[in-house]
2 protein chains.
Amino acid sequence: MARSAVKLADVAKAAGVSQGTASNVFSRPEVVREEVRERVMATARELGYTGPDPKGRLLRAGKVNAIGVATAEPLSYFFEDPFARVVMSGITEICDAHGAGISLVSAMNDEKLAWNIQSALVDGFILFCIEGGPRLVDLTRERQLPFVALELGINDPTISGIGVDNLAGAKQAARHLAELGHQRYGVLAMPFFDNRSGPIPFSEVPTAIYSDSRSRVAGYFLVLQEFGIDVDAIPIYETEGEEETARQGIDYLMSLDAPPTAIFCMSDRIAIAAIERLQERGLRVPQDVSVMGFDGVPEGAFCKPPLTTMAQPIAEIGRQAVKAILEDDGEVKRVTLPVELIVRESTAPPPR
Amino acid sequence: MARSAVKLADVAKAAGVSQGTASNVFSRPEVVREEVRERVMATARELGYTGPDPKGRLLRAGKVNAIGVATAEPLSYFFEDPFARVVMSGITEICDAHGAGISLVSAMNDEKLAWNIQSALVDGFILFCIEGGPRLVDLTRERQLPFVALELGINDPTISGIGVDNLAGAKQAARHLAELGHQRYGVLAMPFFDNRSGPIPFSEVPTAIYSDSRSRVAGYFLVLQEFGIDVDAIPIYETEGEEETARQGIDYLMSLDAPPTAIFCMSDRIAIAAIERLQERGLRVPQDVSVMGFDGVPEGAFCKPPLTTMAQPIAEIGRQAVKAILEDDGEVKRVTLPVELIVRESTAPPPR
DNA sequence: AGCAGAATTTGAACCGATACAAAAAGATGT
DNA sequence: ACATCTTTTTGTATCGGTTCAAATTCTGCT
């Protein structure tokens, strides 16, 4: 910056060559005669010129060689949320392989978010569409760069997106618990709407703005119904996807007249908090209550008891997302990945 | 990109104003007459122009408004290593507050690393100086941008750096174990050199290229000596800072004729792996062997038993680093943060 | 020496904006 | 109507490179 005002043109002049040649010395050394190349290099060294400034190149080249990863959450989300971290691992893997950089984009408020998305120096975006997802998509569309949405709730067929088969996953989860013989269920849901939590009647679920949560409830209930369960009586508690409301959800569910013996949690993070809360309340998992997660984050394997869950191919989601950006051909690309039941120790037949 | 070839100049021409005015419409709307502003905006909308391209602005402005975080490890390091994650939280916190973006920079091989550092679009760098630290510093210095090193090993007084008081920390750790009455110690060290692990004689420690590891050994031994321990007899095992070599270290230490009753681990990550391995070998922590960590990562509080450790103010390291970049005044800025002993349950008096 | 073809080098256009001095237009006062 | 301020608008230089057609210099050969 201030330290070096030397630019390519200065070097060229000092070395007595045209700017074009000087440029070639750095970006295509093989085309310039060795003698000239050495002279230019020497002059550059003398002048303290350390090579072309990427800012200049960028403008001409048009490509930044970096992809933006954006969310409406604070930046720390990427390093703290277990799911996000595994997705990021997948993203970094492909970026590393392509030599592409990663820019993290987020913002505290809407205005800043808009600005940050508008001005991020990237070739494309990967969107973590959680809370505030639709807004994030709109903002990014404005930018007219390739982007792909990680469908952590949203499911808009007009844009590229990577998601999982929520319905199939939820059905499989339900089948597992139903086959264990449970009769009384509860659901600790991911958000259906923004900024709210609490019990929610089944009848309101179809109006949810987050389709993943909707599909999962649908999947659970479809199978449960097949098993002859009265799904209308199953209590659903909407969390905000984090620990605090998950705990409140447990308190709510377990204080009902006929508390559930099996609980569907729509994320492992919720499930782990749920287990903790159940244990605090003196209940044993899985002997008294079975807990089923969703996501398959690494933490699930290490909690006590290890969590039974529907595992998403989380890292693969990240990989596919990067590929969708890097190999963007202007087409809308939609990928649905399978989920897999991982039975560990948080589920068992109902008590008695 | 390909989708919109419309540029500011086109809008200006179409709206019948000068490019200067068009620019003002977007960046300083208050100076242009409302009527004109609306006309330009309308034209822009018609043409599908969504606002100034940051690439152009960048060149003119010189500032990118993003800081680069670089390491010689793969990019996934930022999302997987517990220490790095907490540092990143601190970094993101300040970046969020300043509206600055974050670019992650790394590379598989040296050549790529050099290129990525040369071409990263950032205003400054924060360097995670672990393995390959000195090289990373050299590469970054070339770039002639402000940078600050996180002294995870290196300690070069000519560059800005954020570190902790390793010597004081190590001394305090040693005092804790010595006061519990331990007589036989072992050390599971962070790397002294690149790409090696295994037992290492005390006499070689002073030649280590990573000064943190050196200081810590010095601190341990200084205090132990005060307590009348024969420090020359203390076995030191150099790990590569991860689980595998840490486990091998335990196997080595515990197979000695007089295995230690207390083990200094130079990181919590090593300590946690060590505890696991000890337990696999049928030893109880802390009844049979005491384990002392270093770092204070969150995981330490949740492992069994909870880890006694020397806690660094990890997030603060990140915060200070960003501040050093953002408030760069060309001065070398060196910060040494204190560490704090956190006694949990992995240390106890020696058996018998 | 003369010439075709290959290897280098040049020069200017261009990438997409912002900034700023100077010009033009408008407002105010007498 | 005229001089004096203000407010807007214009034109153009600049940021720091890359690119590419055209010009120049080298080769090897006859």
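Order of the sequence lines fixes the chain letters, A, B, ..., with proteins taken first and strands second; residue numbering starts at 1 for each chain.
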**OP:** Determine whether more than 12 heavy atoms belonging to other residues, nucleotides or ligands lie under 6.0 Å from atom CD of A:Glu111.
**Re:** no

Pairwise N/O distances under 3.5 Å, protein to nucleotides 23-27 of chain D:
none

**OP:** Using atom types as modelled and distance alone, determine if a side-chain donor or acceptor of B:Thr43 lies under 3.5 Å from a backbone N or O of B:Val11.
**Re:** no

Subject >> B:Arg319 side chain vs B:Glu93 backbone, donor-acceptor pair below 3.5 Å >> reply: no

**OP:** Let me have a per-nucleotide readout for nucleotides 12-21 of chain D, 5' to 3', with B, S or -, counting only protein heavy atoms under 4.0 Å.
**Re:** -BBBBBBB--

**OP:** Return yes if some donor-acceptor pair links the side-chain N/O of B:Asn24 with the main-chain N/O of B:Pro29 below 3.5 Å, else return no.
**Re:** no

Subject >> Terminal axis angle for the helix from C:dA1-D:dT30 to C:dT30-D:dA1, five pairs an end, nearest 10 degrees >> reply: 40°

Original post:
Does A:Lys13 come within less than 4.0 Å of A:Asp10, counting only side-chain N to carboxylate O?
Top reply: no

Original post:
Is the backbone of B:Gln19 close enough, under 3.5 Å, to the side chain of B:Ser23 for a donor and an acceptor to pair up by distance?
Top reply: no

Original post:
What orientation do B:Phe26 and B:Tyr49 show, parallel under 30°, tilted 30 to 60°, or perpendicular over 60°?
Top reply: perpendicular

**OP:** Report yes or no: does B:Arg334 contribute a side-chain atom to a donor-acceptor pair with the main-chain N or O of B:Ile159 at less than 3.5 Å?
**Re:** yes

Subject >> Gap between atoms CD and P, on A:Glu35 and C:dA7 respectively (whole Å) >> reply: 18 Å

Original post:
Is a side-chain N or O of A:Arg143 found less than 3.5 angstrom from the main chain of A:Ala120, in a donor-acceptor match?
Top reply: yes

Original post:
Taking CZ from B:Arg39 and P from D:dT8, how many angstroms apart are they, rounded to a whole number?
Top reply: 15 Å

Original post:
Do A:Phe78 and B:Phe78 make the cut of ring centroids closer than 6.0 angstrom?
Top reply: no

